Amino acid sequence: MALSNADIARVFSRMAVMLELDQANPFRVRAYREGARVIETLVEPLTALAPVEGELEKLKGIGKDLAQKIRDLVASGTTRTYDELLKKYPLEMIELTELQGLGPKRVRQLRDELGIGDRASLEAAAREGKLRDLPGFGEKLEAKVLQSLSVAAEVSGRVLLAGAWPLATEIADAMRRVPGVRRVELAGSFRRRRETVGDLDVLVAGGRSAGVMDAFTKHARVIEVLGRGETKSSVRLASGLQVDLRHVPEASFGAALLYFTGSKAHNIELRKIAIENGMSLNEYGLTRGERTVASRTEEDIYRALSLDWIPPELREAQGEIELAREGRLPRLIEESDLCGDLHMHTDRSDGRHSLEQMVRAAKERGYAYCAITEHSKSLGMAGGFNEERVLRSVDEIAAVRRKVPGIEVLHGLEVDILADGTLDLEDDALKRLDWVIVSLHSRLDQPGPEVTKRVLRALEHPSVCAMAHPTGRLIGSRNGAALDFEAVFSRAAELGVAMEINSQPDRTDLSDVNARFALEKGVTLVIDTDAHAMNHLELIRFGVFAARRAGVTKKNVLNARPLAKLKDAVRHRGASLAPSEPRLAKRAKTAPRDTAPARRGAVPAPRCTATARRGAAARRGTPARRRRAP
Ligand code: DGT
Ligand code: CA
Ligand code: CA
Ligand code: ZN
């Protein structure tokens, strides 16, 4: 089985933690941590680079030692040092280092002094008040550990949608290659695009059962077959994720897809409607007595129930059925509706790639504009910008605009909201920027009223265009700030400050639930990646999923608007965009179209032009596209 770059990066970052637990030389620890970062953001697959003499060593941040480890991993799936470290520091112990308040040093202390090696023993010790007396711990930290254990427990046994994504794609592709197979879909919470999934549910139609089940249970990622039957099998993957596969008749594929997509609550409501109309609905079809009314496609079944087809993201029994009955379902936002990414970092602060690389990457996605938003000075470790650095940046942005024509580059900044609600940059510098986003990076644990007042104060600042990852939560490790959303969203709507759906999968912030509430309050949203590397731009899909689950349409999203409309929307916000307006307008007219011969299919069609809009509309109309997996 070929390890992906992400797999190898994970091994390296675990090794960094293990070496730190082992009190190894800090330089060695850093080398692995840096190596993991390089690999995670690498565009070329390591499996392709490894066999070529000297290629790995050319990568910045990869020395001889790491190059050899990569070759071992590519060749055999593991490396001796990793195996040996794993014996001393099992994965349960590594997991502890990810809890808020703990790191390798404290986890080692916990093991040496209290014999703690996993979450259960940690929780027991914390409840008994044994942590507070350890040197450097104290009562406050003990409470923090308990809190973070409970956040972790909420997603215990579940994985991030983004973590399941490549595995799901790989397995679905493998099933499509089985002779005779005609349809493969990933159903369940994966298809509903929940932010985490408990297990994957694969549906297959066509082909012989034996061939399908062989391909599935013998897939290279499988480490355990939990059950194998004629029509259903279950396996566990090396990552721990469980996958259920059902082989269903093609004639009832739609009924099976509907049933196994769920949610359970949605299914129950549908069944009620069927019964009220003298029919019955199960995974084989919608029937009246002996007669099958509909079963081949989901559309057929919804239609027979007098409902519009409901996008899977909305199937949570939260009013979607009523909307479908009245023909009032929202036309959900799609990735192809987005015109730009307004939250991107470069290696000038804590990003991986250069300004030019990031802008080119945005352009290659077909975006009409992007905003470069480095951190501000209070994030010193992350290379945050002070006033003087912002001024120097003006020329750098101008230079990249000349160098990469055909995309508008907004000069932005991600400015920290300080503990009292003031901004981490002087007004003079803020006024030089086209696009200012603000965020909380510290003191997230302030009491609700305090952090709400702090955020409200920041939003009032006339330069602020949007608030990034508004709650600051990290799924599975940190609750967000205790904001009064009613107050924050209402004021944001009045001020015309957008709220972000941050697409980093462990953030997904605003969440689907919060984004829905924001919409109700009249807030305009912006869907961004917070990219710290070129390949992060593709994470946008996860932000779009959260938006779709919230019922968001194109008109609710600032960066689904063409540049001129975006500027209209934020112009009234003090400095934003207005100063550079004449130049931007002129550039738009004279900017040469990109005429570089593109590899066919390599560069997507331009977005947010008349052609792109027609294209998107046409695509939306085709049911075939809706059904496209994964
Ligand atoms: P997960 O895996 O916990 O993230 O969530 P789901 O929604 O994927 O749940 P799962 O894998 O247990 O089942 C997949 C779908 O199958 C579920 O969304 C609805 C359907 N389903 C499963 N069990 C039942 C049931 O007892 N009644 C009904 N109506 N539907 C069910
Ligand atoms: Ca599932
Ligand atoms: Ca399942
Ligand atoms: Zn950021």
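Predicted, not measured: the structure shown is a model, and the values here were computed from it. Note that ligands are numbered from 1 as they come in the structure, with each ligand's atoms numbered from 1 the same way.
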For [X], is at least one N or O under 3.5 Å away from an N or O on ligand 1?
X: Asp201; result: yes
X: Val197; result: no
X: Thr196; result: no
X: Ser189; result: yes

Taking only Lys NZ, Arg NE, NH1 and NH2, and the carboxylate oxygens of Asp or Glu, determine whether [X] and [Y] approach each other closer than 4.0 Å.
X: Glu34; Y: Arg37; answer: yes
X: Glu356; Y: Arg360; answer: yes
X: Lys232; Y: Glu283; answer: no
X: Arg303; Y: Glu299; answer: no

May I ask you to decide if [Y]'s main-chain N or O and [X]'s side chain share a donor-acceptor pair within less than 3.5 Å?
X: His353; Y: Met534; value: yes
X: Ser189; Y: Arg192; value: no
X: Asn282; Y: Gly285; value: yes
X: Asp528; Y: Asp530; value: no

Salt bridge (charged side-chain N to carboxylate O under 4.0 Å, His left out) partner of Glu316, the single match among Arg194, Lys264, Arg549, Arg516: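 For Glu316, the salt bridge (charged side-chain N to carboxylate O under 4.0 Å, His left out) check succeeds only for Arg549.
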
Quick one: which ligand 1 atoms are inside 4.0 Å of a heavy atom on [X]?
X: Arg271; answer: 29 (N)
X: Thr261; answer: 18 (O)
X: Gly198; answer: 1 (P), 2 (O), 3 (O), 4 (O)
X: Arg158; answer: 1 (P), 3 (O), 4 (O)
X: Gly188; answer: 8 (O)

[atom]: which protein heavy atom is closest, and how many Å away?
atom: atom 25 (C) of ligand 1; answer: Lys264 CE, 3.4 Å
atom: atom 14 (C) of ligand 1; answer: Phe260 O, 3.6 Å
atom: atom 2 (O) of ligand 1; answer: Asp199 OD1, 3.0 Å
atom: atom 17 (C) of ligand 1; answer: Gly262 CA, 4.0 Å
atom: atom 7 (O) of ligand 1; answer: Arg192 NH1, 2.9 Å
atom: atom 23 (N) of ligand 1; answer: Tyr259 OH, 4.3 Å

Member of Val181, Thr231, Val178 meeting the side chain to side chain contact (heavy atoms under 4.5 Å, CB included) criterion with Val204: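 Of all the options given, the one that passes is Val181.
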
Atom name of the N, O or S atom in Glu414 that lies nearest to the Zn ion (ligand 4):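 This residue's closest N, O or S atom turns out to be OE1.
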
Verdict with supporting geometry, Ile501 and Val544, side-chain contact (heavy atoms from CB on, under 4.5 Å): CA-CA 8 Å; Ile501 296 180; Val544 172; over 6 Å; no

Angle subtended at the Zn ion (ligand 4) by NE2 of His345 and OD1 of Asp530, to 10 degrees?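 Answer comes to 90°, rounded to 10°.
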
Whether His343 has an N, O or S atom under 2.8 Å from the Zn ion (ligand 4):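 Looking at His343, which is the residue asked about, there is an N, O or S atom under 2.8 Å from the Zn ion (ligand 4).
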
Tell me, please: is Asp244 in heavy-atom contact with ligand 1, that is, under 4.0 Å?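 Outside the 4.0 Å threshold, so no.
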
Ala550 versus Asp512, closest heavy-atom pair with distance: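 That closest heavy-atom pairing would be CB-O, 3.4 Å.
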
Does Arg389 qualify as a cation-pi partner of Phe385, given the criterion of NZ or CZ under 6.0 Å from the six-membered ring centre and within 45 degrees of its axis?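 Yes, a cation-pi geometry.
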
Answer yes or no on whether Arg246 is positioned over the face of Phe260, meaning its NZ or CZ is under 6.0 Å from the six-membered ring centre and within 45° of the axis.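 Yes, Arg246 and Phe260 form such a contact.
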
Set of residues satisfying side chain to side chain donor-acceptor pair (under 3.5 Å) with respect to Thr508, sequence neighbours excluded: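 Thr508 satisfies side chain to side chain donor-acceptor pair (under 3.5 Å) with no residue once adjacent residues are dropped.
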
Proximal protein heteroatoms (N, O or S) of the Ca ion (ligand 3), under 3.0 Å: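 Checking every protein N, O and S atom gives Asp199 OD1, Asp199 OD2, Asp201 OD1, Asp244 OD2.
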
Within 4.0 Å of atom 19 (C) of ligand 1 (strictly less), any protein heavy atom?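 Yes, at least one protein heavy atom sits under 4.0 Å from atom 19 (C) of ligand 1.
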
Between Thr287 and Val293, is any pair of side-chain heavy atoms under 4.5 Å apart?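 Thr287 does not reach Val293 side chain to side chain.
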
